[in-house]
Amino acid sequence: MKIATWNVNSVKARLPVVLDWFRKHAPDIACLQEIKCIDEEFPRLEFEDLGYHVETHGQKTYNGVAILSKRPFEEVRRGLPGDDGDEQARYIEAVVAGDDAPVRVAGIYLPNGNPAPGPKYDYKLSWMARLKRHAADLLAHEEVLVIAGDYNVIPREADVHDPAAWADDALFRPESRAAFRAIKWLGFADAFEQVDGRAHQYSFWDYQGGAWPKDRGIRIDHLLCSPQAADRLTGVTIHRDARGAEKASDHVPVVGEFRV
DNA sequence: ATGGTCGCGTAGCGA
């Protein structure tokens, strides 16, 4: 089973590019971030035509997440628990039947947090604290669980082209990396680090300043795997080539393959 | 091509 995450940076602006990629790579489950539209405006029919079930947690203009699956959803949750006043659509979670076990997938769009310090950074860290609490609850189920998405965190120096240039950025500051580690150390494996782990394998290149042609990227799109998922993980592919497409997103898909 | 980000929404913010 292929489980993908992709920050598409507007599903409507990206639709031809995204549909081409789905036709070519046919993920079984895909989490999309920054769909930038309300549920009613999501191009649902186009994905249903490709054989997908579609669930969205949309928002006007900003944020918004979706989860797509070839198999029907058995359970869907919208919104990250822990703050009923949080209006930002950044979390969706669903369960799909695997061949021999249920598969729970959460799609996340973790707050960027810049500028740091400041209220946006405080929101990022509090969101991560909420994610940690919820992730701990989910781990207790002992399921095949993948938390997939745009974490907006660069875990290691090896995951950024120029660590010094990013030292004060909300994506690389010590508090952000510590919060990411605290979630991971609840008992998750980073899929990429488990099966590959090479330095300088990026998932995002800024539109500005020729970041893509100069390969000035960062790795911020991750698949965190429960032990039951990690045991079944056979490979991870970062679809770097997608960044070179006409009208590309600034992020590329990351796909994990699981025996389930 | 003497420029050099993109999307949303139609100014300026967010990333």
Side-chain angles (χ1 to χ4, degrees), chain A residues 5-21 31-44 46-47 56-66 80 86-92 107-128 131 148-155 159-163 165-173 175-177 179-180 202-222 238-254:
Chain A
T5 178
W6 194 3
N7 181 323
V8 295
N9 185 16
S10 171
V11 71
K12 288 192 281 186
R14 209 69 56 210
L15 191 58
V17 164
V18 173
L19 292 175
D20 280 350
W21 186 86
C31 301
L32 304 182
Q33 299 89 38
E34 281 204 271
I35 62 172
K36 294 189 174 178
C37 63
I38 58 175
D39 295 336
E40 294 74 17
E41 290 175 353
F42 189 90
R44 154 183 301 276
E46 288 84 344
F47 288 97
T56 58
H57 184 37
Q59 182 179 335
K60 182 177 157 63
T61 310
Y62 303 114
N63 310 317
V65 289
L80 180 64
D86 186 357
E87 304 285 335
Q88 301 190 23
R90 297 178 174 275
Y91 186 92
I92 191 164
I108 72 165
Y109 176 44
L110 203 147
N112 176 295
N114 279 306
K120 292 188 176 179
Y121 194 55
D122 295 341
Y123 175 65
K124 176 180 195 150
L125 295 178
S126 68
W127 203 94
M128 294 183 83
L131 179 61
D150 176 0
Y151 280 75
N152 268 318
V153 176
I154 302 164
D159 299 316
V160 51
H161 65 94
D162 181 359
W166 287 78
D168 298 325
D169 193 281
L171 280 61
F172 196 53
R173 286 172 66 97
E175 304 93 327
S176 303
R177 295 163 67 191
F180 180 80
Y202 308 133
S203 66
F204 168 92
W205 296 258
D206 202 288
Y207 288 124
Q208 302 182 64
W212 166 242
K214 295 172 185 165
D215 198 25
R216 294 184 181 169
I218 54 179
R219 189 173 69 89
I220 56 175
D221 298 273
H222 309 301
I238 301 177
H239 284 240
R240 177 186 170 89
D241 291 355
R243 188 63 179 81
E246 198 73 26
K247 290 274 288 178
S249 172
D250 41 7
H251 296 249
V252 298
V254 179

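Because the structure is a prediction, the values reported are computed rather than measured. Lettering follows sequence order; numbering is per chain, from 1.
- Using a 4.0 Å heavy-atom cutoff across all strands shown, K214(A) reaches no nucleic acid atom at all.
- Between the side chains of Y109(A) and Q88(A), no donor-acceptor pair of N or O atoms lies under 3.5 Å.
- N152(A) is linked by a side chain to side chain donor-acceptor pair (under 3.5 Å) to nothing, counting only residues two or more places apart in sequence or in another chain.
- Taking atom C1' on both nucleotides, dG14(B) is separated from dG9(B) by 13 Å, rounded to a whole Å.
- If you find the closest nucleotide of DNA chain B to K12(A) and to Y207(A), the one lying nearer the 5' end belongs to Y207(A).
- Residue F204(A) is out of contact with every strand shown, counting any heavy-atom pair closer than 4.0 Å.
- Straight-line distance between the P atoms of dT5(B) and dT10(B): roughly 23 Å, to the nearest whole Å.
- Side chains of T56(A) and D39(A): a donor-acceptor N/O pair is present below 3.5 angstrom, by distance only.
- Taking every nucleotide of DNA chain B with any atom under 4.0 Å from a non-hydrogen atom of chain A, the first and last of them, 5' to 3', are dT5(B) to dA15(B).
- Residue contacts for R216(A): at a heavy-atom cut-off of 4.0 Å it reaches no nucleic acid atom on any strand shown.
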Candidate pair H239(A) and W21(A), rule ring-ring contact (aromatic ring centres under 6.0 Å, His included), full reasoning: CA-CA 10 Å; H239(A) 284 240; W21(A) 186 86; 5.1 Å; yes

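- Checking D150(A) against S10(A), the closest nucleotide of DNA chain B that is more toward the 5' end is the one next to S10(A).
- On the C1' atoms, dA11(B) is 16 Å away from dC6(B), given to the nearest whole Å.
- There is a side-chain donor-acceptor pair under 3.5 Å between N9(A) and Y207(A).
- Within the cation-pi definition used here (under 6.0 Å to the ring centroid, within 45° of the axis), R219(A) does not qualify as a partner of F204(A).
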